[in-house]
Every structure is written in structure tokens, then in C-alpha cells.
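Sequential numbering from 1 along the given sequence is applied to the chain's residues.
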Amino acid sequence: METKHIPHGRGTSAQGSTPPYVPQIRLYQQWLHATRGLQFDSYDALWRWSVTELDAFWQSVWDYFDLQSPTPHTAVLAKNTMPGAQWFPGAQVNYVRQVMRHVDAAHAAGLPAIISRNEKGNHRELAWPELRRQVASLALHLKAQGVQPGDRVAAYLPNVPEAMIAFLATASIGAVWSICAPDMGTHAVLDRFRQIEPKVLISVDGVTYGGRDHDRTGVLAELRARLPSLQHVLLLGNLDASISIAGCASWAGATARNDAETAAFEPMWLAFDHPLWIVYSSGTTGLPKPIVHGHGGSMLVALQLKVLHNDIGCSYEANSFGERYHWYSSTGWVMWNAQMSGLLSGTTCVIFDGNPGGSKEHPDWGVLWRFAAETGVTFFGAGAAFFANCMKAGITLSDYGDLTRIRALGTTGSPLSPEVQQWGTAQFEALGTRDNAAAPGRPKQGAAPSGGSDPHAVGERGGEPIWWNNISGGTDFCGAFIGGNREMPQVPGEMQCRMLGAAVEAWNAEGQPVTDEVGELVCAQPLPSMPLYLWGDKDGSRYLSSYFDMYPAGHGRQPGGGDGPASMGAVWRHGDWLKIGANGGCTIYGRSDATINRHGLRMGTSEIYSAVEALPEVLDSMVVDLEYLGRESYMPLFVVLRPGQALDEALRARINAAVRTALSPRFVPDDIFAVAEVPRTLSGKKQELPIKKLLLGQPIEKVVNKDAMANPGCLDWYVAFAAERAQTLPTA
């Protein structure tokens, strides 16, 4: 197996030296200058080059990360159409080959591939050679069961190393991976897996979450009974390592092989656009969309996002030695895929399986912070709601151990409010640093090259403020449209820039790009990781209607600006409200189809939540704007209050005043209602649009998939509320 450093145009230093920590995006720009003669006087100029000269930019990403193919590609973007773009025809790749390039060098540096822990404190470190061996063993096992390239392997697994191993084994032999988290119920899993007809199912016996064990063998039995395509089932004993179920092979047996054939195993070469995995839309209405991404596109965009923009380096390279990358996620969220992409560049992945907030009986928002302190995490990512919950709980980070190795905080999933970002920045300022001369994520003078087996052996932020890497993208293309730049100024509540290669614009109602105005988020040029297709969508109509049916074909499609021929297809419409500031900073205002439009003024729901949830009495909130033809709009606000609080007239007045002060009197709600819960998807997003549709008269079965919800029990209240409200409405 070939093992190489990824050449980034940087030198390696002798053990014990501490070269200055150089941001990854600066290293890339230095490489562009040295190898292409390209120099840009601003990030905006670099970005405009990347979205105008698409071939040159994506070829540079291929070359910068030294991607390998036994056959040359005949073009970069052979066909610029949306949908249907053709990338790197002729090239052969494999996601797993890129991962395995790092085994020998990372192991020689004493660095693990994966560090994991669960709620019970079960701590494990997986060495790179052991990762390679288990992947090879499982790949050979799957091949022995008749798994061929293109066959689907489905998994019902939590965020444990075995999920990563199973994915890598599946992809290495050209099979197509798909995973559902064990917090999803039977119907939700079947709605996904039945569409793709898997040949193999890899399942867990149960999980621990919120201080309780949850048996999943009943779900496994139902999946086996109702997935007729299954020919083989593998069982991982997560709660009971010795569990045995008739008809199921054991995980331990399938990964135990250690012989000459496993040592010689290599992932197969595949076409650039060979299917890698199938991920799913949130499924708030109808069946979830099974979205198919390819090996090459997923790999290219993951490296562009994680290294250049998220500034996550290779753990064994001198410039980022000891990097430890953590992004809290379940396997049901695309951030699991993003976490795993750390392996593509030789980065140690640090994962946690369990509830980040403790249990109902013993709430504890310090769980992940203690974990990060004890494992030496350098990049700490989570959903924006996690950080908001930490602030609401009033925690103090200095209570949870030494967190000074953390140099970057990543957020996504929903807009991060300025208040929460300022809270987190102040918390890290209070932590201080121990060695201002050391660079972030870098060993101190004379440190052992262990990459952080001693958390005190790595330098800190050097007195700089903590960097917030706020990103916004989607499961749909397994990447980000908007994100961070280590060298740009930070504005709380804003994302720093549009991503390189992502031709993102905000369009007004006339379909024209606007600055400093809220508009529809569109991407005017293809990205390599956009879906190949939706599984089972034989004529492509579902894919087309999901992203490309809002604007005329050709409109705004010319690289660099302007219209192209209709044959180029339409721009990608993502469904978010976006404002791009004059300085390039970006703000997401929530889903465009759930946006508030009052008296001709549009407002993202996130701004209302920011105002309302700043009140100490309010834990959570949701607002919908109900517009009726020929009637005035009606905007109710639903609030979840802290225990012991009541929605009396005084609190109503404070809520209204908060909205009036922070936004405008136009956005004061028409009514306020106290509710037990705000309905959310399994990935934590507020279900504004389904509730909006329900209150506009659509039946609950048509607007929401309960199995795709985190808290379906709360819907009964909203159904009753909708019925009661319907009685009061005048007939049209």
C-alpha cells in the first residue's frame, strides 16, 4: 500500500521544532502562486476566480491534494449542465484509497486514526494499521457474501468506530453505503432502506442514550422481515458483546481476519462518478429523497471544505501536528460524513456516542467539553443549538478541564445567534493560554511526537480569540455553500465567506443578484459533489423539481455572471434566505419557504428567535406566518418556557418588546402560546413549514413524517390548535 504525505508545498520540520502555524488556505494560495503564477489581492478576487474559471480551480484542488488515478481524466468539467454536470471523465478514484494513503506515516508519528468514547465512559483508540486491517477483513467478508460493485449495504449503527469501518469496507469494493441512526424508529428506517433495496444490513443490538440502554433487536427483526432484498445480516454487539441472533453473522468474526490476503487487500479503482453513498433529505413531507453522491466529487469537496475552509490539517504534518478533529453528530446527520472525511487527509477523528446534554434526571451540558479536554481536541464542532443550550444552561467552560488546545469552534445546522457566539468567545477568553509562544495545534519546543497523548504537549491559540467556523450547506450535496476563512475578520452572527468553487448568490424576486439584501440562496454553477441522481428517480423529474424548477433554464448560468443558453439548465435553488454583505460576510435567515413577510418586509425566522430566546424565561420558540388570500396574515409565536415560568401578561409584554426593539413593530406576533415542545426533525431543525401548512388547513398526514421527527408526540397539541383555529376563520 502506497503511503505518501499530501504535498501542500510545505516543508517538514525536524522533531521538536515548532514552525509557525500557517492557515491552510494561505498555504493553498502560496501553492497557487508558486505553481500557477496566480496571486490575488483579496479573498473576493480568489473566490471570483474559483467560480469563473471552474476547470482551473477544481484541477488545482486535484493537484494540491495530489489525488491519484491510474488513468488520466480527459477534462475537468466536461459538461456544464445542471443537473447532469460531468466531472473528471476518464479518472479512476476510490475514497478509501485516499484514506489508506496515510496509514504508515500517521502510525509512524504515533497518531491514532480514531478516538472514541460513549456515555458509559468506554474509551477506545484505533490505530491506523488496525483500521486498515479491519476494513480489509470486512471487505473480503462482504465480497464472500456476493456483494458486487453497485450493491447497497445498509447500516443501522450509532456513532462508533465500527460505523466508519463498515463504510470504508463497503466503499472499498464499490458497493454503495447508506446509514440510519438507531434513534430512528422502524418506519423511518424502512421508508429509507426499502427504496434502495439493500443486499446487506449491518445492525447494532442497542444503544445507550441519556443514561438509558435502548434495545434495538426488535427493530432489527422488523427490518429483516420487511426488507426482502436482504441476503446477509451482520450484528454488532454494542450493549452485549456476546449477543448472538439466529441468521445474523457476528461483527467480531467478520473483522477478525489477519492473513496474507488482508495484508495485500487494496480498494478497487472506480470511475470518478461511481456511487459512494446514499443520504436522505429530512423527509418532512412524503418519502425521504434518497440522494446519491459519487466517490470523486465527495472526496474533492470534502478536502476543499475541511482543509481549506475549516482549517483542519493533517495530524502528522509539521504545520498541524497533533490535529484532533471532533464534530458531534449522530449517524443520521450529514455531519457524520463530514467528521469521517477527516481520515481523507490523515487527521485523527475524535467521536462521541451519546447525549451531549446528559440525561433528563441529570442535565449536563459539560459532557462534550470534558471529553474534548481529556482527549486533546483541537477543532470542536457541533450544531448551533448545542452552543445555545450551553449558554442557556449557564455553564462555565473552565469547570470542565483544560480546553486551551481548542483553537476553532465549528457550527452548522441552524443559524448561530450573535449572542451565543459572543458568549462562547468570552468563555474562551476567560480560559486564557499557557504558552503564548506556541502556535495553535502545534507541539511546544521539545514535545514528543505523539500528537497529543499528553494534552499538555501541544501549544494553544497564542492569545488570539477563538475562531468560529460557522458553515451552511446541506445533506443535498454533502458540502457547504458558505463557511469560514481563518484569515478573515469575524463578525458575530455572520459566516465569513462564500466557499471557493461555490457560485453562491442571493437573488431578489426578479431573479437578480443582490448585495446587502435578503434574497433566495442560489448556486449558479455545479459543484462536484452535487447529487448524481436520486435513487429510483428514473426520469430525473424528482431531482429537477427539488432544486432546479424555480428559475428559467440558462438564467444566471454563465460562469462569472450573465445568462447562458437554456441547454445549461437552471441554477440550484437551495431553499434558504441569504444576505451577502458588502464585505462578503453572509447571514442565513432560515428557510425561504418559512420566511416571515409582514407588510411587504421579509424577515428570516432566525432573527425573531434571536430576540425572543434571549429572554431568560424562554427556552425555545417557533414562529409561522399564515398568509391567506384576501385576508390579513396571522403570525402566532409558540414558546417553550423554563420550568416554573408562566405566560402571563407581563411576560407577553416582554416578548413583544424584545421583538419590537430588536427587529421592528411590524414583526410583533399576533398571538403568543406556551407549548411543551417545538417540533423538530431528527437533526434538530425546527419544523416551521409543516406546522405552517397544518395551520393553513392541510391534514397532518400530508405535511409531516412523524418517523422523521425527534419529538412526534408534541404534534397532538398543534393538531388540536389547528382544528380550533379553523373553527374561528371566516369562509373564503
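- Atom OG of S229 is separated from atom CG of L201 by 9.5 Å, given to the nearest 0.5 angstrom.
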Y280 vs S178, side-chain hydrogen bond (donor to acceptor under 3.5 Å, both in side chains): CA-CA, chis, key distance, verdict:
CA-CA 9 Å; Y280 303 90; S178 193; 2.7 Å; yes

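- Between P161 and I351 there is a side-chain heavy-atom pair separated by less than 4.5 Å.
- The shortest distance between side-chain heavy atoms of C349 and L343 falls below 4.5 Å.
- A side-chain N or O of N80 and one of Q525 form a donor-acceptor pair less than 3.5 Å apart.
- Atom CG of L303 and atom CG of L67 lie 6.5 Å apart (nearest 0.5 Å).
- Partner D311 forms a salt bridge (charged side-chain N to carboxylate O under 4.0 Å, His left out) with one of R26, K306, R486 and no other, that one being R486.
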Please step through side-chain contact (heavy atoms from CB on, under 4.5 Å) for the pair I482 and I471, ending with a clear verdict.
CA-CA 6 Å; I482 304 164; I471 67 174; over 6 Å; no

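- Note: H293 NE2 to M299 CE = 15.0 Å, rounded to the nearest 0.5 Å.
- A donor-acceptor pair under 3.5 Å is absent between the side-chain atoms of S298 and the main chain of S529, judged by distance alone.
- S567 has its side chain out of reach of T81: every pair of non-hydrogen atoms, C-beta onward, lies at least 4.5 Å apart.
- Here the OH-CD distance, from Y64 to Q24, works out to 6.0 Å after rounding to the nearest 0.5 Å.
- Side chain to side chain, N159 and T331 fail the donor-acceptor criterion of an N or O pair below 3.5 Å.
- Counting heavy atoms from C-beta outward, T475 and S281 have side chains that stay 4.5 Å or more apart.
- Counting non-hydrogen atoms of other residues, nucleotides and ligands closer than 6.0 Å to NE2 of H107 gives a total of 12 or fewer.
- The minimum heavy-atom distance between Q304 and L500, with the atom names listed, is NE2-O, 2.7 Å.
- Y316 and H102 have tilted rings, their planes meeting at an angle from 30° to 60° on a 0 to 90° scale.
- Taking CD from Q68 and CG from N94, the interatomic distance works out to 13.0 Å, rounded to the nearest 0.5 Å.
- In summary, the side chains of N337 and Q339 do not present any donor paired with an acceptor at a separation below 3.5 Å, with no hydrogens or angles considered.
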Pair L521-V504, side-chain contact (heavy atoms from CB on, under 4.5 Å): steps then yes or no:
CA-CA 7 Å; L521 191 163; V504 169; 4.1 Å; yes

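- With a 6.0 Å cutoff to the six-membered ring centre and a 45° limit on the axis angle, R97 counts as a cation-pi contact of W269.
- Atom NE2 of H309 is separated from atom CZ of R498 by 12.0 Å, given to the nearest 0.5 angstrom.
- Between W87 and H73, the distance separating the two ring centers is not shorter than 6.0 angstrom.
- The two atoms that bring T262 and A136 nearest to each other are O-CB, 3.6 Å, heavy atoms only.
- Side-chain N or O atoms of R573 include none that pairs as donor or acceptor with a backbone N or O of M550 at under 3.5 Å.
- Residues W572 and M530 are in side-chain contact: their nearest non-hydrogen atoms beyond the backbone lie under 4.5 Å apart.
- Between F379 and W467, the ring planes are perpendicular. Angles over 60° get that label, and only those under 30° would be called parallel.
- A heavy-atom distance below 4.5 Å is found between the side chains of Q134 and L126.
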Where do V200 and L230 land on the side-chain contact (heavy atoms from CB on, under 4.5 Å) test, with the steps shown first?
CA-CA 6 Å; V200 173; L230 288 181; 5.7 Å; no

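- Summarising the geometry of T412 relative to S472, their closest heavy-atom pair is OG1-CA, 4.2 Å, with the distance given to 0.1 Å.
- Counting only distance, with no hydrogens or angles, the side chain of T348 and the backbone of Y325 share no donor-acceptor pair below 3.5 Å.
- Nearest heavy-atom pair, L578 versus C586, reported as atom, atom and distance to 0.1 Å: CD1-CB, 3.8 Å.
- A heavy-atom distance below 4.5 Å is found between the side chains of Y543 and F548.
- Taking the six-membered ring where the residue is Trp, F477 and H574 present perpendicular rings, their angle passing 60° and hence far from 30°.
- Side-chain atoms of W47 come within 3.5 Å of backbone atoms of A502 as a donor-acceptor pair (strictly under, hydrogens ignored).
- Checking side-chain atoms of D549 against main-chain N and O of L544 turns up no donor-acceptor pair under 3.5 Å.
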Derivation of the side-chain contact (heavy atoms from CB on, under 4.5 Å) call for H141 and L234:
CA-CA 10 Å; H141 174 87; L234 260 175; 4.1 Å; yes

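- Aromatic ring centres of F88 and W62 lie closer together than 6.0 Å.
- Proximity of a side-chain donor or acceptor of K199 to a complementary backbone N or O of G146 within less than 3.5 Å is detected.
- Under a 3.5 Å cut-off, the side chain of S330 and the backbone N or O of G332 do form a donor-acceptor pair.
- In terms of modelled atom types and a separation under 3.5 Å, the side chain of S69 and the main chain of A91 share no donor-acceptor contact.
- Taking both residues in full, the closest heavy atoms of I278 and V292 are given as CG1-CG2, 4.0 Å, listed atom of the first, atom of the second, then distance.
- Here the closest heavy-atom approach between residue M488 and residue N583 is recorded as CE-O, 4.4 Å.
- Listed for the T52 side chain is no donor-acceptor partner under 3.5 Å among the backbone atoms of P559.
- For the pair I25 and V307, the minimum side-chain heavy-atom distance is 4.5 Å or more.
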Please assess Y547 against D476 for the test side-chain hydrogen bond (donor to acceptor under 3.5 Å, both in side chains), listing each intermediate value before the final yes or no.
CA-CA 9 Å; Y547 308 106; D476 317 74; 2.6 Å; yes

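- Within the structure, the salt bridge (Lys or Arg N to Asp or Glu O under 4.0 Å) test picks out the following pairs touching residues 33-53 (sequence neighbours left out): R36-D63, D44-R48.
- Under a 3.5 Å cut-off, the side chain of Q195 and the backbone N or O of P288 do form a donor-acceptor pair.
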May I have the step-by-step check of side-chain hydrogen bond (donor to acceptor under 3.5 Å, both in side chains) for E323 and T347, ending in yes or no?
CA-CA 6 Å; E323 188 85 273; T347 307; over 6 Å; no

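- For Y156 and F193, the gap between ring centers reaches or exceeds 6.0 Å.
- Between R133 and D259, none of the side-chain N atoms (NZ, or NE/NH1/NH2) sits under 4.0 Å from a carboxylate O, so this pair counts as no salt bridge.
- Between H555 and W507, the distance from one ring center to the other falls under 6.0 angstrom.
- Between Y28 and W31, the two ring planes are parallel [angle under 30°; tilted spans 30° to 60°].
- A salt bridge does not link R542 to D537: none of the charged nitrogens lies less than 4.0 Å from a carboxylate oxygen.
- The residues D66 and R101 are annotated as salt-bridged, a charged nitrogen and a carboxylate oxygen being separated by less than 4.0 angstrom.
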